[in-house]
Amino acid sequence: MAIPTFVDRVRLHVYGGHGGNGCASVHREKFKPLGGPDGGNGGRGGSVILVVDTGLTTLVDFHRQSHRRADNGQPGRGSHANGANARDIVLAVPDGTVITDVDSGETLADLTGHGTDVVVAAGGRGGLGNAALASSSRKAPGFALLGEEGETRTVDLELKVVADVGLVGFPSAGKSSLIAAISRARPKIADYPFTTLVPNLGVVVAGEITYTVADVPGLIEGASQGRGLGHDFLRHIERCAAIVHVLDCATFEPGRDPVTDLDVIESELTAHGGLDDRPRLIALNKIDVPDGAELAEIARPELEARGLAVFEISTKTGAGLKGLSFAMAAVVEDRRAAAPPPPPPRIVLRPAPVAGAEEFTISREGELWRVRGTKPERWVRQTDFGNSEAVGYLADRLNRIGIEDELLELGAQAGDGVAIGGADAVVFDFSPQIDIGAEILSRRGEDQRLVEERPAAARRREKDKAYHAVKPDEAEWDDDADDG
């Protein structure tokens, strides 16, 4: 199957890189067997960034390759060597690209203007090494923090062409010929319907005003409901400051005339919605044909009676094109003058959380206590549960922000299950009254505070013992039944 050259809607899967793990290392040299912790921090994972490139007009690159993954950060090493940060992946998109999160339906960004960018998948932060975790109460940590996972997201990219004037009309009305006649654009032109399969853009200079013109291909009756090609490209005129109806005055199709064509296209624009406030201009095309000139003279009074500015043109001879181009420039200039000034660049400040602000929430779910919060869930992801000293450090951090006190106030009992996180939560047995802040005197990688058996584990052990004590008797009863 042939790959299209123009794509204006695509689904993209992006993966931020994972942060590198921190290193747990102890400095060693001759005559200094224990020189202190010197494990470095892990590097940051790469992010996936979308940036506007005005030289692009299609999303076809993402149609060919819809999965983009950033590299992971490097782990830390001994001798205070930090892991390298991974490079960000910068993906160029056309001007006017709208980015929507598939899972939430939220519009993440509407990218307009060269160089505008947005991070769609942030890389994970690197874990701290044991050198960064050392403190007065924990002088030689035997653990390090794990790197965070990168963000994973599925987004829809939708291109809405950024143009000042949109040309609409039936197939073969002369929209592409008009763009070719007033600009340097060279679209495909032929005398059969649906020649134009993609929106064409042209830059027009009229006096001191420079503006862009785009045509919307294949509008026919029922386009807003999916007929023809127009339903795929109606979105491209949503950003236009003005709409020009190109009406064919030399069509041979029965039942068609400029006024009827105008009513049909206007009904489709109304069905699409959001375009009622755009000024309209009328271009009666193909007056170089004798019948076309006569039909234009007949239709002009009725169109002007509706309050529309009408221009009789011929894209073949150039008649009337100068007046039309200056009229479009005047409309564009008025719209630009009426538009509010662009907001000045903003400096984004991210102040530290206010003291007392809610850092976590606790709710009761059946037999579990569910803890949710950015900090607790991030700390859990950073913990190596194969290292009891790291688990003890996690308990210290959780207690420090008041989770244990809150659980006790809510009525939690020792041995109750506590889940931190959502669907992939880590479940603990609640064991209060663990002292924090004391120097850890156990072997590196161990925490004596966690050696004691938890009540829930003791209950499970008793149930297992009772189960195995009954099982031999049942087996003996089965043997007797077989003998019988």
Do [X] and [Y] have side-chain heavy atoms sitting under 4.5 Å apart?
{"X": "Phe143", "Y": "Asp384", "result": "no"}
{"X": "Asp416", "Y": "Arg364", "result": "yes"}
{"X": "Thr97", "Y": "Val52", "result": "no"}
{"X": "Arg397", "Y": "Thr383", "result": "no"}
{"X": "Arg381", "Y": "Glu149", "result": "no"}
{"X": "Tyr211", "Y": "Glu333", "result": "no"}
{"X": "Asp88", "Y": "Arg44", "result": "yes"}
{"X": "Arg68", "Y": "Leu91", "result": "yes"}

Looking only at non-hydrogen atoms, find the nearest pair between [X] and [Y] and report the distance.
{"X": "Leu59", "Y": "Arg9", "answer": "CD1-N, 4.1 Å"}
{"X": "Ser176", "Y": "Asp215", "answer": "OG-OD2, 3.3 Å"}
{"X": "Ala241", "Y": "Pro279", "answer": "O-CD, 3.2 Å"}
{"X": "Ile401", "Y": "Pro376", "answer": "CD1-CG, 4.1 Å"}
{"X": "Arg280", "Y": "Leu269", "answer": "NH2-CD1, 3.9 Å"}
{"X": "Glu151", "Y": "Arg153", "answer": "OE2-NH2, 3.2 Å"}

Inset, instruction - List the steps, then state whether side-chain contact (heavy atoms from CB on, under 4.5 Å) holds for Leu398 with Ile420. - result: CA-CA 10 Å; Leu398 296 177; Ile420 300 180; 3.5 Å; yes
Spacing of [atom1] belonging to [X] relative to [atom2] belonging to [Y], to within rounding of 0.5 Å:
{"X": "Thr107", "Y": "Ile99", "atom1": "OG1", "atom2": "CD1", "value": "10.0 Å"}
{"X": "Leu146", "Y": "Asn387", "atom1": "CG", "atom2": "CG", "value": "9.5 Å"}
{"X": "Arg125", "Y": "Asn85", "atom1": "CZ", "atom2": "CG", "value": "13.0 Å"}
{"X": "His63", "Y": "Leu12", "atom1": "NE2", "atom2": "CG", "value": "13.0 Å"}
{"X": "Leu56", "Y": "Asp95", "atom1": "CG", "atom2": "CG", "value": "10.0 Å"}

Could you check whether any side-chain N or O of [X] sits under 3.5 Å from a backbone N or O of [Y], counting only pairs where one atom can act as donor and the other as acceptor?
{"X": "Ser183", "Y": "Val204", "value": "no"}
{"X": "Lys160", "Y": "Val98", "value": "no"}
{"X": "His18", "Y": "Gly150", "value": "yes"}
{"X": "Glu389", "Y": "Gly142", "value": "yes"}
{"X": "Arg278", "Y": "Cys240", "value": "yes"}
{"X": "Asn72", "Y": "Gly17", "value": "no"}
{"X": "Asn41", "Y": "Asn82", "value": "no"}
{"X": "Asp38", "Y": "Ser79", "value": "yes"}
{"X": "Asn130", "Y": "Ser25", "value": "yes"}

Inset, instruction - For the pair His13 and His67, name the ring-plane relationship: parallel under 30°, tilted 30 to 60°, perpendicular over 60°. - result: parallel
Inset, instruction - May I ask you to decide if the ring planes of Phe428 and Phe385 are parallel, tilted or perpendicular, using 30° and 60° as cut-offs? - result: tilted
Inset, instruction - Tell me, with the steps shown, if Thr116 and Leu111 meet side-chain contact (heavy atoms from CB on, under 4.5 Å). - result: CA-CA 6 Å; Thr116 305; Leu111 300 180; 3.8 Å; yes
Inset, instruction - Might you work through the salt bridge (charged side-chain N to carboxylate O under 4.0 Å, His left out) test for Asp164 and Arg335, ending with a clear yes or no? - result: CA-CA 9 Å; Asp164 296 306; Arg335 293 282 292 189; over 6 Å; no
Inset, instruction - Starting from the C-alpha separation in whole Å, work towards a yes-or-no answer on side-chain contact (heavy atoms from CB on, under 4.5 Å) for Phe430 and Leu408. - result: CA-CA 10 Å; Phe430 183 48; Leu408 291 173; 3.7 Å; yes
Inset, instruction - List the steps, then state whether side-chain contact (heavy atoms from CB on, under 4.5 Å) holds for Val380 with Leu394. - result: CA-CA 7 Å; Val380 167; Leu394 171 64; 4.3 Å; yes
Inset, instruction - Give the intermediate values and the outcome of side-chain hydrogen bond (donor to acceptor under 3.5 Å, both in side chains) for residues Asp156 and Thr100. - result: CA-CA 5 Å; Asp156 282 337; Thr100 305; over 6 Å; no
